[in-house]
Amino acid sequence: MTPELELLPAVDVRDGQAVRLVHGESGTETSYGDPLEAALAWQRAGARWLHLVDLDAAFGTGDNRERIAEVARVTAEAGVKVELSGGIRDDDSLAAALATGCTRVNLGTAALEAPEWVAKIIAEHGDRIAVGLDVRGTTLRGRGWTRDGGDLYETLARLDSEGCARYVVTDIAKDGTLQGPNLELLRNVCAATDRPVVASGGVSRLDDLRALAAMVPIGVEGAIVGKALYAGAFTLEAALETVRAEAAA
Ligand SMILES: O=C(O)c1ccccc1N[C@@H]1O[C@H](COP(=O)(O)O)[C@@H](O)[C@H]1O
């Protein structure tokens, strides 16, 4: 039996609220209320993972550190694994993130701007560190996806050589658009690395999850689902049932 595609409902926090953006652009927020309520709703619906993002920290417009820590702690205590992201760029922010009880952190900007520090913390924390490869075309973007940060495949080769355990791959052009994931990008990344890949951006219907589940054998381990769940395109229960059925088929 093929392993099940892990589903990670997203809770992105800006100004204390759960929000979704379009193409990750500041100012395109749709608000979905209290982030803890959102996280607990996904937990009640059966989520095994949560992708939790401090968007203010990612954009450099402040942070939601205490709120994020509360959501991560309560959700983790409820048995949900948390992937924590946004603004983790130095020892202090890393220590605060790891102390929340999250299962792993996901680094974006730091992997582009502080490669030596990232190599060091990969060596120290292993599987608890993932790197988010947020791309436009094949160019990486950092600092709230506002600045270019080098070539996707060169960075991937460097991180592979440093022992990075896993990548979260986001096609910025797809994120928040409900246009379907970039399967070609995911196929290319999976061909370039033997590490597991979490797909992010564009999931809009259950068929997208079926397509991603079919990529588990080549290295797609999970999928982050945001807008589709908040917009009611399908329920998390239906999504979980879909990936379960695909694994059993
Ligand atoms: O998730 C988003 O919609 C998003 C939009 C714009 C910027 C960042 C976004 N998300 C996450 O933030 C981390 C990067 O944070 P940092 O660069 O390490 O501070 C990225 O991996 C996304 O998961």
Side-chain angles (χ1 to χ4, degrees), residues 8-15 17-32 35 38 49-65 68 71-72 82-94 96-98 102-115 117-118 121-122 128-136 139-150 152 155-156 159 164-179 181 189 197-203 222-231:
L8 298 86
V11 177
D12 288 14
V13 183
R14 184 131 212 220
D15 210 8
Q17 298 292 299
V19 300
R20 299 307 308 157
L21 306 179
V22 181
H23 300 310
E25 277 170 25
S26 191
T28 63
E29 290 88 344
T30 304
S31 181
Y32 294 96
W49 277 95
L50 192 73
H51 177 74
L52 179 60
V53 183
D54 186 341
L55 276 182
D56 283 300
F59 282 117
T61 53
D63 66 69
N64 300 276
R65 200 182 269 192
I68 288 275
V71 176
V82 176
E83 177 175 88
L84 186 52
S85 205
I88 303 165
R89 301 179 187 176
D90 56 24
D91 287 332
D92 176 54
S93 49
L94 176 66
L98 293 175
C102 68
T103 299
R104 65 176 177 246
V105 299
N106 181 43
L107 310 174
T109 301
L112 312 178
E113 297 185 2
W117 179 71
V118 170
I121 65 163
I122 286 172
R128 287 194 84 191
I129 308 290
V131 168
L133 300 169
D134 305 325
V135 292
R136 265 194 191 282
T139 302
L140 291 158
R141 302 279 283 176
R143 298 206 171 253
W145 299 350
T146 60
R147 282 198 213 161
D148 284 354
L152 166 61
T155 304
L156 186 57
L159 289 162
C164 184
R166 158 182 293 99
Y167 303 103
V168 178
V169 176
T170 304
D171 181 353
I172 294 170
K174 295 279 191 178
D175 201 60
T177 64
L178 297 174
Q179 286 176 354
V189 171
V197 167
V198 177
S200 176
V203 169
I224 294 170
V225 190
K227 188 79 164 269
L229 291 175
Y230 289 93

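Just follow the structure's listing: the first ligand is 1, and inside any ligand the first atom is 1. Count residues from 1 along the sequence. In this text the structure is predicted, and so the values were computed from the model without any measurement.
- When the side-chain contact (heavy atoms from CB on, under 4.5 Å) test is applied to Ala96, the partners found at least two apart in sequence or on another chain are Arg65.
- Residue Ala110 comes nearest to Ile88 through the heavy atom pair CB-O, 3.8 Å, listed as atom of the first residue, atom of the second, then distance.
- Of the residues listed (Asn106, Val168, Val105, Asp12), the one engaging Ser85 in a side chain to side chain contact (heavy atoms under 4.5 Å, CB included) is Asn106, and it is the only one.
- With sequence neighbours left out, Asp134 forms a side-chain contact (heavy atoms from CB on, under 4.5 Å) with Trp145, Thr170, Ile172.
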Write 'none' if nothing qualifies; otherwise put on separate lines each N/O atom of ligand 1 with a protein N/O atom under 3.5 Å away and their distance to 0.1 Å.
residue  : atom   : partner : partner atom : Å
ligand 1 : 1 (O)  : Asp12   : OD2          : 3.1
ligand 1 : 3 (O)  : Asp12   : OD2          : 3.3
ligand 1 : 3 (O)  : Asp175  : OD2          : 3.4
ligand 1 : 17 (O) : Thr109  : N            : 2.8
ligand 1 : 17 (O) : Thr109  : OG1          : 2.4
ligand 1 : 18 (O) : Gly108  : N            : 2.9
ligand 1 : 18 (O) : Thr109  : N            : 3.4
ligand 1 : 19 (O) : Gly87   : N            : 2.6
ligand 1 : 19 (O) : Arg89   : NE           : 2.9
ligand 1 : 19 (O) : Arg89   : NH2          : 2.8
ligand 1 : 21 (O) : Asn106  : ND2          : 3.2
ligand 1 : 21 (O) : Asp134  : OD2          : 3.3
ligand 1 : 23 (O) : Ser85   : OG           : 3.0
ligand 1 : 23 (O) : Asn106  : ND2          : 3.4

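- Partners of Thr146 under the side-chain hydrogen bond (donor to acceptor under 3.5 Å, both in side chains) rule, at least two apart in sequence or in another chain, do not exist in this structure.
- Side chain to side chain, Arg14 and Ser26 meet the donor-acceptor criterion of an N or O pair below 3.5 Å.
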